[in-house]
There are 2 protein chains.
Amino acid sequence: MVTKQFTGSPEDADLARADSLAREIFADLANKWALLIVEALGDDTLRFSDLRRGIDGISHKMLTQNLRMLERNGLVERAVHPTVPPRVEYTLTEPGRALRETVAGMCDWTSRYLPHIETARRRFDT
Amino acid sequence: MVTKQFTGSPEDADLARADSLAREIFADLANKWALLIVEALGDDTLRFSDLRRGIDGISHKMLTQNLRMLERNGLVERAVHPTVPPRVEYTLTEPGRALRETVAGMCDWTSRYLPHIETARRRFDT
DNA sequence: CTGAATCCTAGCTGATACTG
DNA sequence: CAGTATCAGCTAGGATTCAG
């Protein structure tokens, strides 16, 4: 995942492809908006605008962009109800919910170590 | 963590500060280089150049930049040995190792769902 | 309401060169 | 070896506007 070992041998081709794909996916998901969306969706089914209200500071553009990416990677399911006005609902898929658990772990980590980080920063900023 | 609820009441001030700090930290850490560094460090103590070799594709600049950030937030400890040539070693602190577990979960998730994602992408890209 | 496209800016990023 | 500074290219990201 982190390192790449190329021996040049032919049977490494598949591993190399899988590794570069893993990296690509990791780069897709390891950004704050994507993770916050996954966290915000949780077990709910939310409309675009609800999601937007739910994630503080996210712009219209970033939300659509990341939702597309998450949909493309199969983490989010998009259900369009052809009414007027249109109603589009987003839900985490099973892989999405699985990832959400690790994201939740990251959020827990943040609140848990918040004091430690605050003091570490003060010490460093001198 | 994800949402902000401002009622304007005075006792919310602390909560609001903590929340914005949490967001800042989350934004710091939710980027691929930071997470890959945490993962690469693991339980080891590594020199700058070893770390650089260990993380495929990272530039000198991104590595120093992210190491500083991680050090500032107290995730990484930096030990300078005043020899010549200089020898600088990096190790995860306890909070760093704690975060590393969730990062490991994310890596596991990636390799586990790689096939699913690959097919999801093919379906989407049509 | 949802979403696409455009423009525009700030900031990230890599490459390179220089210091201790 | 480790770190810093500088420069140039590019991309992320916001604001706005138009369409279905």
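Just so we're on the same page: letters track the sequence lines, and every chain starts at 1. These values consider heavy atoms only, across backbone and side chains, with no hydrogens, waters or symmetry-generated copies.
- Comparing A:Ile58 and A:Pro86 along DNA chain D, the residue whose closest nucleotide (by nearest heavy atom) sits nearer the 5' end is A:Ile58.
- For B:Tyr90 and D:dC1, the shortest distance from a side-chain N or O to OP1 or OP2 is not below 4.0 Å.
- Proximity of A:Ser59 to the phosphate of D:dA15: no side-chain N or O atom is located under 4.0 Å from OP1 or OP2.
- Using a 4.0 Å cut-off, some side-chain N or O of A:Ser49 falls inside it from OP1 or OP2 of C:dT2.
- Looking at A:Leu46, A:Thr91, A:Leu36, A:Leu70 one by one, the single match for side-chain contact (heavy atoms from CB on, under 4.5 Å) with A:Leu41 turns out to be A:Leu46.
- As a whole-Å value, the separation of B:Asn31 CG from D:dA12 C1' is 13 Å.
- For A:Met62 and C:dT2, the CE to P distance is 18 Å, given to the nearest whole Å.
- Counting to the nearest Å, the P atom of D:dC1 and the CD atom of B:Glu89 are 14 Å from each other.
- In the interface, the side chain of B:His60 is not paired with the base of C:dG14 through any donor and acceptor atom under 3.5 Å apart.
- Checking C:dG14, C:dG3, D:dG3 against the side-chain heavy atoms of B:Thr64 singles out D:dG3 as nearest.
- The distance from atom CG of A:Asp56 to atom P of D:dG14 is 12 Å, rounded to the nearest whole Å.
- Listed here is the closest heavy atom pair of A:Arg68 and B:Phe124: O-CZ, 4.2 Å.
- Taking 4.0 angstrom as the limit, A:Arg47 places a side-chain polar atom (N or O) nearer than this to OP1 or OP2 of C:dT2.
- Using a 4.0 Å cut-off on heavy atoms, the residues of residues 71-80 of chain B that approach DNA chain D are B:Arg78, listed by number.
- In this entry the distance linking CD of A:Gln65 with P of D:dA15 reads 15 Å, nearest Å.
- Between the side chains of B:Tyr113 and B:Glu118, no donor-acceptor pair of N or O atoms lies under 3.5 Å.
- In this structure, of D:dG20, D:dG14, C:dG14, it is D:dG14 that holds the atom nearest to the side chain of A:Trp33.
- When rounded to the nearest whole Å, the span between CG of A:Asp28 and C1' of D:dA12 equals 14 Å.
- Between A:Arg52 and C:dT2, a side-chain N or O to OP1/OP2 separation shorter than 4.0 Å is absent.
- Residue A:Lys32 comes nearest to B:Ala27 through the heavy atom pair CD-CB, 3.7 Å, listed as atom of the first residue, atom of the second, then distance.
- Atom CG of A:Leu63 is separated from atom C1' of C:dG3 by 11 Å (rounded to the nearest Å).
- When the nearest nucleotides of DNA chain D are assigned to B:Arg53 and B:Lys61 by heavy-atom distance, the more 5′-ward of the two goes with B:Arg53.
- The main-chain N or O of A:Phe26 is never found under 3.5 Å from a side-chain atom of B:Thr110 such that the two would form a donor-acceptor pair.
- Side-chain contact of B:Asp28 with B:Asn73: a donor-acceptor pair under 3.5 Å is present, judged by distance alone.
- A:Arg97 places a side-chain N or O within 3.5 Å of a backbone atom of A:Leu92 that can act as its donor or acceptor partner.
- Taking 4.0 Å as the cut-off between side-chain N and carboxylate O, B:Glu71 and A:Arg123 do not count as a salt-bridged pair.
- Of the candidates C:dG14, C:dT2, D:dG3, D:dG3 carries the atom nearest the B:Val88 side chain, counting heavy atoms from C-beta on.
- Between B:His81 atom NE2 and D:dC1 atom C1' there is a gap of 13 Å when expressed in whole angstrom units.
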